[in-house]
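A quick write-up on the structure given underneath.
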Amino acid sequence: MTAHIEETSFAGVLAEAVELLRSLPRTRDGVAAARRAAELWRAGHPDVRAQLVTDVRPGSPVVDYDLVLGHPDGGTVALTAPADDGVPWTVDHSTHWASGRVVTVDGRELLIQNALLTLRARADRDPSMQEELVDHCVLEDLIAREPEPTREELQEASDAYRLRRGLRTRERMLRWLREVGLTQEAYDNHIHGLALKRRVRARIERETARDYLERHPEEFDQVWAVWATGSAERLAGLAASGEPLAALGTAVLSKGDLDVTAAVRAARELPEPLRGAAAGEVVGPVSYRAGHLFGVVRDRRPADLDDPATPAAAGRAGFAAFMAARRAAAEITWHWL
C-alpha cells in the first residue's frame, strides 16, 4: 500500500514538473529567473532532488531545459518539455547534421573528438588553455545571477572586443564575421555574456585588491630588470662573456637567437625566476618555459601605494587568486579530454 501511495505521489510530482518546465522563460535573459523558479520548486519537493539542466543554443537566444528527478524506488527520471517544434533538445542536437563537426576545410571535416585531442596536446604544453575553459564555466555560473547589462556595458564590451582584433571599421567587422562564420545575432549574444563577465570581474577586482595587496606587498615592488631568453648554450656564452645586458634601456630586442628585454615592472609581472631577486642579483641561466633565461635585477623599490596602478594590479592578482580557488573547489569532468 505504501508503494502505491509513493507512486501516486510521484505521479503528481511529475505533473507539476511538466508544468514547471512549460512555464520557464525560453530566452537567454530569462535563465536566471528560470533557475530561481526551479530552485523554489525544488525546495517544495526535497525528496525528488530536482536538478534543472539548461541548454543555451549556440548562436541563438533560445534556451531549452530538462528537469532531472530522483525516483522513490531509485534511479532518476529526466523530463523535457520543448515549447516550439516538440523535439527534445537532446534529440534535436544529437541528430543535427553538424552536431559532431567543428569545421570543414576543402571538404575535410574536423570532428569535435579530434579537435579536442589536438587541443589536449597543446594543453600539455600550455595548461592555461584548460584553465581558461574551466574559468569560462565558472564565470558563466556567476553571470547567471547578474541583472541584464546596460546599453553602456554592452557598448564598452563590444568596443573592447573589436579593438583587440583590429576591427575598427564596419567593413572589417562584417568581413571578420563572415570569415569566422558568426551571424550578427550570434555576435550580439557573445557580447551580452562578455559584458556581464567584465562587470563580474571588475567587482571581484575591487573587492579583493586591498586584501591581496596587504598579504602580498612584495609582488608589487617596482623592479628594473634586464633578461634574455634563448638556448642554454647561447645564454651560457652570454653570461661568460660579460656582455653588458644591464646597459640596455627599456626595450625588447632580438640578438640573433636571443630575445632581450629591459623593463620596469611590478615584481609579479616579471618572468618567474626574477620575481624574488634582490637589486644587483644575477639570475641564470635557468630553465624557463620552453627554453632558458639569463637576467639581472638593476633596482628594486617597494610598491608605491599612492600609484593607482598598484591597487589595479592587486585587483588583477586578486581576481586570478579568486578564480584559482574556484577551479580548485570545482567538480570537473572532462568528457573528451
Side-chain angles (χ1 to χ4, degrees), residues 125-129 131-132 135 160 163-164 198 201-328:
R125 300 189 301 271
D126 182 13
S128 64
M129 187 207 69
E131 290 179 359
E132 287 175 14
D135 286 354
L163 286 173
R164 283 199 305 273
R198 284 164 57 91
R201 174 168 186 149
R203 183 170 65 240
I204 294 172
E205 288 185 0
R206 289 194 302 271
E207 293 171 351
T208 60
R210 181 174 180 179
D211 177 67
Y212 194 95
L213 182 57
E214 289 177 350
R215 289 187 294 112
H216 306 282
E218 72 286 349
E219 292 188 12
F220 305 95
D221 289 352
Q222 290 298 299
V223 181
W224 176 18
V226 185
W227 65 95
T229 56
S231 68
E233 295 78 9
R234 181 73 170 87
L235 289 173
L238 181 66
S241 70
E243 188 172 343
L245 278 178
L248 295 174
T250 301
V252 178
L253 305 174
S254 292
K255 296 171 66 66
D257 56 351
L258 295 180
D259 288 324
V260 182
T261 305
V264 177
R265 295 182 182 173
R268 64 170 288 107
E269 296 174 350
L270 291 170
E272 194 280 331
L274 294 170
R275 292 174 190 171
E281 184 174 348
V282 177
V283 176
V286 294
S287 295
Y288 176 65
R289 293 183 176 175
H292 287 73
L293 175 145
F294 169 62
V296 60
V297 170
R298 292 296 310 279
D299 192 21
R300 187 181 188 109
R301 299 179 182 179
D304 182 0
L305 302 184
D306 295 325
D307 183 354
T310 300
R316 292 192 296 272
F319 177 78
F322 171 86
M323 294 302 293
R326 288 295 298 260
R327 287 195 301 272

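Note that the structure is a prediction, hence the values are computed from the model and not measured.
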Nearest 0.5 angstrom please: [X] [atom1] to [Y] [atom2], how far?
X: L293; Y: W227; atom1: CG; atom2: CH2; result: 8.5 Å
X: L258; Y: F294; atom1: CG; atom2: CZ; result: 10.5 Å
X: E218; Y: L213; atom1: CD; atom2: CG; result: 10.0 Å
X: E207; Y: F322; atom1: CD; atom2: CZ; result: 8.5 Å
X: M323; Y: E131; atom1: CE; atom2: CD; result: 10.0 Å
X: F220; Y: D304; atom1: CZ; atom2: CG; result: 13.5 Å

Quick check on R301: does its CZ atom have over 12 non-hydrogen neighbours (other residues, nucleotides or ligands) under 6.0 Å away?
no

Kindly state each residue pair satisfying salt bridge (charged side-chain N to carboxylate O under 4.0 Å, His left out) with at least one member in residues 219-230, sequence neighbours excluded.
E219-R268, D221-R300

Can you check whether A225's main-chain N or O pairs, donor with acceptor, with R298's side chain at less than 3.5 Å?
no

Report the C-alpha distance between R316 and E205 in whole Å, list the side-chain angles of each, state the deciding distance to 0.1 Å, and finish with yes or no for salt bridge (charged side-chain N to carboxylate O under 4.0 Å, His left out).
CA-CA 6 Å; R316 292 192 296 272; E205 288 185 0; over 6 Å; no

Using the rule given for side chain to side chain contact (heavy atoms under 4.5 Å, CB included), can you reason through D299 versus V223, listing the C-alpha separation, both sets of side-chain angles and the distance that settles it, and then say yes or no?
CA-CA 6 Å; D299 192 21; V223 181; over 6 Å; no

Might you point out which heavy atoms bring [X] and [Y] nearest each other, and give the distance in Å?
X: L270; Y: R265; answer: CD2-CB, 4.1 Å
X: T208; Y: G315; answer: OG1-O, 3.9 Å
X: A209; Y: A314; answer: O-CB, 3.5 Å
X: P217; Y: A303; answer: O-CB, 4.2 Å

Please list every donor-acceptor pair under 3.5 Å in which a side-chain atom of residues 277-289 meets a protein atom from a residue at least two apart or in another chain.
residue : atom : partner : partner atom : Å
E281    : OE1  : A278    : N            : 2.9

